[in-house]
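Note sheet for the following structure.
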There are 2 protein chains.
Amino acid sequence: MARTNTRFIEAYNKALTLCTKATIGEPVPSENALASQLDVSRTIVRSVLTRLHENQIISGTGRNKVVLRQPTPDDRLEGPTRLLSIEELESRFLDWILRMDVPPGTVLNVAQLSKEFSVATHTLQEFLNALSRFSIVTRRPRGGWELNGFTADFAVELSDFRAMLELNSARHLATLPEDHPIWAKLEALEASHHDLLARIDDDYHDFSVLDEKFHETINSVVKNRFVKDFQNIISLVFHYHFQWNKSDERTRNEAAIHEHLAYIDALRSRDTDRAERAARTHLMTSKQTLLDSLKANAHMR
Amino acid sequence: MARTNTRFIEAYNKALTLCTKATIGEPVPSENALASQLDVSRTIVRSVLTRLHENQIISGTGRNKVVLRQPTPDDRLEGPTRLLSIEELESRFLDWILRMDVPPGTVLNVAQLSKEFSVATHTLQEFLNALSRFSIVTRRPRGGWELNGFTADFAVELSDFRAMLELNSARHLATLPEDHPIWAKLEALEASHHDLLARIDDDYHDFSVLDEKFHETINSVVKNRFVKDFQNIISLVFHYHFQWNKSDERTRNEAAIHEHLAYIDALRSRDTDRAERAARTHLMTSKQTLLDSLKANAHMR
DNA sequence: AGAATAGTTTATTATTATTAAAGACACTTT
DNA sequence: AAAGTGTCTTTAATAATAATAAACTATTCT
């Protein structure tokens with residue numbers, strides 16, 4: 001009827017472990033000490049101590065509490081199956097939404113979904129609210145959520161937005177001084193690219209991770225909370241779609257590596273226009289890849 | 001213990017009005033007809049009819065219901081004071097947050113705030129969640145909300161982000177064909193600017209509205225949901241701050257008008273670089289104005 | 001006395017239970 | 001058949017509530 005007592009149970013079990021380490025008759029530490037040790041509030045510590053007393057694991061009151069006996073495995077409390085955290089939910093939900101055949105315009109049902117994903121309806125509400133930030137879902141006037149879905153329109157607009165952000169980053173990056181740490185990072189990335197290229201026949205699959213790292217590095221030179229925010233959803237979406245369109249994956253990835261290398265070269269030339277051109281070329285390819293994988297996915301249905 | 005029955009009460013009172021207009025003995029319309037007339041579900045209509053029957057305002061059952069007597073003012077139901085809608089809350093809350101002396105890092109108290117703004121805690125939660133889209137507040141790990149507040153950092157990053165968006169729009173705009181409706185709009189805007197310039201001594205205050213319209217027009221050429229989303233918060237923040245720093249308002253606005261006019265000219269030249277330069281000049285001024293007004297506000301404290 | 005600790009109270013959030021409302025289905029009447 | 005009413009199911013919004021955090025007060029020990 002109210003919130004779960006997961007914190008209490010975890011704290012209690014931790015306290016049991018502490019008792020196991022202690023010798024019989026050893027005084028129990030102060031509530032404040034325990035609170036900071038178990039990383040919970042004193043309120044929980046007090047509930048834990050009470051329960052320990054009830055279970056005859058400690059005895060005494062006030063400052064005179066001592067460890068009475070070693071706890072057995074039976075003493076451990078079984079917590080309710082922990083619900084998914086909002087982060088865990090995020091990946092599962094996006095997986096569902098990006099993979100499944102959910103037509104745009106579908107009205108989502110919070111109660112049903114919360115069962116399906118085994119989270120509190122409240123958590124799902126909050127989550128949908130957060131997703132609405134990226135216009136993947138929208139709130140309907142009198143309750144309910146509508147799934148805008150991952151349409152071609154969405155992909156185009158997301159790609160364009162991404163391109164705008166990254167062109168800005170690239171332009172900025174190309175003007176950074178020689179001793180800026182970014183150049184060392186780019187060099188390391190370049191090496192990784194050459195490395196992957198050497199073993200592309202076997203490991204072309206690894207490109208997805210490298211790609212994410214590459215774009216993240218380039219965008220890291222712009223310190224802006226709004227840019228950062230979007231980077232998250234962008235990399236998520238691109239990451240997922242990478243895994244879809246399996247056709248020509250090896251060829252596509254090899255081509256992308258070459259584009260990345262040219263991109264790095266262009267950045268290093270410090271020629272803003274050249275850097276911009278290289279960035280634009282790669283971002284256009286990327287957009288096309290995303291659209292292709294959308295189409296490929298549509299055919300699978 | 002559950003949701004408010006505001007809809008029922010409003011429907012009931014509307015139904016009373018209908019009864020007033022009806023003559024005694026007149027048959028009651030069908031449930032479906034009433035439902036669409038009162039814009040509620042049949043469920044509510046049925047509750048309303050039941051209550052009307054209990055209060056001896058109508059009689060009969062099934063299809064044989066008739067108006068029994070004229071309702072009196074006493075029959076009207078008193079609803080609970082309607083809470084603010086989320087839109088109403090938005091402006092009040094932003095006003096509070098942008099004006100008040102709330103230091104960054106303050107932990108917001110949902111229960112207390114919901115009383116203060118007389119909204120349901122739930123509504124406030126959702127609202128804060130929406131605000132977190134713009135990083136004005138952030139959710140804390142174990143419950144609660146932290147106000148990041150409107151700091152100088154925030155202002156700088158917002159301005160930079162805005163500049164990035166608008167430079168992109170401006171570049172795009174400068175390449176649009178002669179017959180695109182934007183050129184007519186720009187011409188109209190130019191006229192408005194000249195008009196305001198002629199009566200600047202008296203009406204310099206009107207610039208705020210014109211400024212908003214100007215930037216909105218320029219950005220309207222980019223059709224992108226992510227750009228649009230940000231436009232909202234940006235114009236809101238800039239709009240509010242316009243009203244703060246009263247010093248030199250007349251001078252500042254006059255200068256801004258000249259910048260706008262130069263900006264329009266540059267766009268019309270179809271020279272992308274020139275357009276970009278003009279846009280950049282104005283956006284830098286705008287950023288500085290925002291920072292100044294922040295400082296001015298800080299001194300007021 | 002003053003620091004540290006325990007006891008008590010209050011405030012606040014997360015979650016459940018409950019209710020209002022919407023909508024679907026089935027049966028009646030015209 | 002078409003329109004209406006009665007019944008039932010589903011869903012979202014809210015109030016109540018348990019869990020937690022944190023403040024305040026009293027006590028004990030040095």
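Every chain is numbered from 1, with letters handed out A, B, ... down the list of sequences.
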Return the value, rounded to whole Å, for the distance between atom [atom1] of [X] and atom [atom2] of [N].
X	N	atom1	atom2	value
Ile44(A)	dA19(D)	CD1	P	10 Å
Leu34(A)	dT5(C)	CG	P	11 Å
Phe8(A)	dT15(C)	CZ	P	18 Å
Arg7(A)	dA19(D)	CZ	C1'	10 Å
Tyr12(A)	dT20(D)	OH	P	15 Å
Ile9(B)	dA21(C)	CD1	P	8 Å

Parallel, tilted or perpendicular: ring planes of Phe154(A) versus Phe226(B), cut at 30 and 60 degrees: perpendicular

Rounded to the nearest 0.5 Å, how far does [atom2] of [Y] lie from [atom1] of [X]?
X	Y	atom1	atom2	answer
Glu26(B)	Leu68(B)	CD	CG	13.5 Å
Cys19(A)	Ile57(A)	SG	CD1	6.5 Å
Asn55(B)	Thr50(B)	CG	OG1	11.0 Å

Contacts under 3.5 Å, N or O only, protein and nucleotides 2-9 of chain D:
{"residue": "dG4(D)", "atom": "OP1", "partner": "Ser30(B)", "partner atom": "OG", "Å": "3.4"}
{"residue": "dG4(D)", "atom": "N3", "partner": "Arg63(B)", "partner atom": "NH2", "Å": "3.1"}
{"residue": "dT5(D)", "atom": "OP2", "partner": "Glu31(B)", "partner atom": "N", "Å": "2.7"}
{"residue": "dG6(D)", "atom": "OP2", "partner": "Arg46(B)", "partner atom": "NH1", "Å": "2.9"}
{"residue": "dG6(D)", "atom": "N7", "partner": "Arg42(B)", "partner atom": "NH2", "Å": "2.7"}
{"residue": "dG6(D)", "atom": "O6", "partner": "Arg42(B)", "partner atom": "NH1", "Å": "3.0"}

Arg76(B) and Thr17(B): CA distance, side-chain angles, deciding distance, side-chain hydrogen bond (donor to acceptor under 3.5 Å, both in side chains) verdict: CA-CA 9 Å; Arg76(B) 300 208 145 249; Thr17(B) 311; 2.7 Å; yes

Salt-bridge present (Asp153(B), Lys223(A); N to O < 4.0 Å): no

5'-most by nearest nucleotide on DNA chain D - Asn64(A) or Ser41(A): Ser41(A)

